[in-house]
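Residues: numbered from 1 along the sequence shown.
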Amino acid sequence: MTSTDVTEEAEGSGPGGYAAARLRLLTEGARSGPPRRRALAGLTDDWLAGLFGAGTGGQAGVSLVAVGGYGRGELSPRSDLDLLLLHDGRDDKAVAALADRLWYPVWDLGLDLDHSVRTPQQARKTAGEDLKVHLGLLDARHLAGDLGLTAALRTAVLADWRNQAPKRLPELRDLCAERAERQGELQFLLEPDLKEARGGLRDATALRAVAASWLADAPREGLAEARRRLLDVRDALHLATGRATDRLALQEQDQVAAELGLLDADALLRQVYEAARVISYAGDVTWREVGRVLRSRSVRPRLRAIMNGGKPVAERSPLAEGVVEQDGEVVLARTARPERDPVLPLRAAAAAAQAGLPLSLHAVRRLAATARPLPTPWPAEAREQLVTLLGSGRPTVQVWEALEAEGLVTRLLPDWERVRCRPQRNAVHLWTVDRHLIETAVRAAGFARRVHRPDLLLVAALLHDIGKGWPGDHSVAGETIARDVATRIGFDRADAAVLATLVRHHLLLVETATRRDLDDPATVRAVAESVGTEHTLELLHALTEADALATGPAAWSSWRGSLVADLVKRVAGVLAGDPPAEPAAAAPTAEQERLAVEAFRTGGPVLALRAQTEPPADSAPAPSSADGSEPLGVELLIAVPDQAGVLPAVAGVLAMHRLTVRTAELRSLPLPDGVDGSVLLLDWRVAAQYGSLPQAARLRADLVRALDGSLDIAGRLAERDAAHPRRRGVEPPPPRVTVAPAASRLATVIEVRAQDAPGLLFRLGRALEAAGVRVRSAHVSTLGANAVDAFYVTRGEGVPLPREDAASVARELEESLRA
């Protein structure tokens, strides 16, 4: 029988009417969320029941069952239909014909179908072998046919699940953990999978299965609402894309937000993150309880035998005043009185983090319900307990999450609400703003022995991005907030001022080290003036590294660490009373002089590549957390007779060979006595994007062709981009080119912020050449998709540009990047 025959025979069940009614339901604006999902499930139930009735001809011993998401009545616009045709095994041929009459109309309407045909015994056997099948059957719902057959299967499947819970729940826990490892955490991803990521819909379903086992139950408060939110977002995603997708891609977030009546994509992500956080925390609590119950089941029989049937008493070990450990969790002592002890929440949290144990759900909820607010300013013990909590390292994270889940964090720090679950639309960042702050504190705890005031370091780590919840520059806003918070939690005026300075300038060291000329005295003096004291510099150095390490792998490296350490060493000298020396023209090394002479003799470029895995001998060592074996890049020395077009030619050749430029210095080198003319010397630091470095001979050959105009660099880069187009995402912000005021007395500093792309430095070099300026040095910094490049430029005679000329060059560069 063909699919057309089946469809025609099913006309009495109204497939055309179902399709029209389905379309009306999905396009009308009156119903959305749970009402629409229920209505869509009910509409589909009626249609399938009609198909079933038309196909059975009075046949007994067979039923149609919805399982999985459809069994729960959670039909999103593009959800597949999970169906089980259940039969008693008496007439396999008739059942096969009925299956055709059911499945073909579904396929003909373009609906995805997950189907099976089984007897109750086969269904139970398959469930016993396949955990996912068992989970789907837990939500079995009768649609049509023999109700007794369906009811008997449901009863048997639930009984099997409860009987096998000690074996199946650990399997389910491992399945959830493996999926989380593969898909990541929903509450932190910029393009999350609403179903598969940790904290998503599959985890919510797993918690229902745990509850069905009667072995443990998830904390119910907020869980149903979190699940509903994720389902609403998935509905809107299906309608926006017209596809059965669970991946909330960047380019679709604004449309999904509009479908849900939200302000923008950030508001959408924040709702998704909040829901995921509720489900993730419920999962943590539930799986701990499952483990506790299973452990107690295995231990109690032996204990009862030893104690002649007596009931064992759980051991309680004191941890702090009013806080004890019991059965692997931190709970409140029987004598604890949260209503009389406002410091108890922080004391319990600090004790849990120090012991590396979770706070029990009951304890956190009791603290949230009964603890009195702390006075302002906080007593010294409260401040000390906060610092202890922040300084406990990795265990701080789970304890902080428990406090957040019950609203205790925003009660202690009201400004936290603005950064809670706030997304960061920069691929460099792994975390939301609030989690990044905790991760920074975790990293800073590892540097506590490196600074004289670890308490200030830890609190600064917690607050350094607190201004991201406010408009404008988050460092400026954060400075004010940090001063207020520091005063509220009991720091004196001097300490509050230090914390405000650390928050205001938490990006100063890394931005200066990677974007400014450290040999320029103005650079070092400016940093020294901003920091103020050697002790503050010491704290800022540790905070800088902790912040970068907590951001993600792209934000920190041995190379960046060595640059920051070099800057800190120079600034410390100024703060100690040693002014930075005015830069003198460095005498060329023997190798540089040899290259220069050879370039003049041959009339073409000469180059040398030299790998370097450690900072130069005269610089400070890279911070201890950096991997000492990580290459800091390769030193590329190029000598070429002084001529126009050198910068774009070199940058273009390096881009063709997929070499990333980290720093670039250019200067004119006079030749030895008796030789007329000058040679341009380029001392650059480069690194391979991937693979091995190209041979120096190949680089030189391409550079010769680039300088004589026979190598079409722009064309070659365009061909490569066309052959390997980049994945489309959100539209990047437009480039911005500015003149840094008073950044140097020796040159004009032009700063370029743009989307990173192959050949960007080549395009900038061409634009600078066209503007008629000379590039003294370039400092290139790339964070994720964002490039921030600073160029020290002069006029031909080596002096800074007049203000009007500098502004004109900046405009020309910006226009060239927008073209």
Side-chain angles (χ1 to χ4, degrees), residues 165 169 173 199 203-204 206-208 210-227 274 277-297 299-300 303 311-374 382 385-386 388-389 392 395-412:
L169 290 186
R173 179 181 57 207
D203 277 350
L207 294 179
R208 287 168 56 93
V210 174
S213 74
W214 291 353
L215 197 69
D217 197 4
R220 297 297 182 93
E221 190 172 349
L223 191 57
E225 174 64 15
R227 195 159 171 272
E274 287 172 343
R277 189 164 292 186
V278 170
I279 295 171
S280 294
Y281 178 65
D284 290 342
V285 172
T286 301
W287 289 121
R288 281 205 309 271
E289 179 65 11
V290 168
R292 187 190 66 77
V293 170
L294 292 180
R295 285 194 304 274
S296 67
R297 284 191 173 189
V299 170
R300 279 178 184 167
L303 284 175
K311 186 177 180 180
V313 178
E315 184 179 349
R316 297 166 70 88
S317 304
L319 293 176
E321 180 67 30
V323 185
V324 298
E325 174 193 350
Q326 178 180 314
D327 205 6
E329 291 185 325
V330 172
V331 302
L332 300 184
R334 294 187 180 92
T335 57
R337 295 292 180 268
E339 64 278 6
R340 301 178 185 173
D341 186 357
V343 182
L344 186 56
L346 282 170
R347 191 186 308 121
Q354 285 280 289
L357 296 172
L359 268 173
S360 81
L361 177 65
H362 176 73
V364 180
R365 287 190 168 171
R366 185 180 170 199
L367 290 168
T370 61
R372 285 191 307 152
L374 283 163
Q385 295 294 352
L386 174 65
T388 300
L389 170 60
S392 298
T396 299
V397 175
Q398 70 168 343
V399 175
W400 193 270
E401 286 177 345
L403 298 178
E404 270 213 294
E406 300 302 327
L408 280 165
V409 170
T410 49
R411 192 183 304 177
L412 292 166

Taking every non-hydrogen atom, the tightest pair across G322 and L344: O-CD1, 4.1 Å
Side-chain heavy-atom pair T396, L389 within 4.5 angstrom cut-off: yes
E339 atom CD, neighbour heavy-atom count above 12 within 6.0 Å: yes
Salt-bridge contact R292-E329 (side-chain N to carboxylate O under 4.0 Å): no
Value rounded to 0.5 Å, distance of CD in Q326 from NE2 in H362: 10.0 Å
For the student: nearest non-hydrogen atoms of V364 and A402, plus distance: CG1-O, 3.4 Å
Any donor-acceptor pair under 3.5 Å from R347 side chain to E321 backbone: yes
Which residues share a salt bridge (charged side-chain N to carboxylate O under 4.0 Å, His left out) with R365, sequence neighbours left out: E406
Atom CZ of R372 with >12 non-hydrogen neighbours under 6.0 angstrom: yes
Gap separating the CG atom of D203 from the CG atom of D284, nearest 0.5 angstrom: 9.5 Å
Exam field: side chain R411 to backbone A368, donor-acceptor pair closer than 3.5 Å: yes
Exercise: identify the closest heavy-atom pair between T286 and D217: OG1-O, 4.0 Å
Non-hydrogen atoms of A348 and L359 that approach each other most closely: O-CD2, 4.0 Å
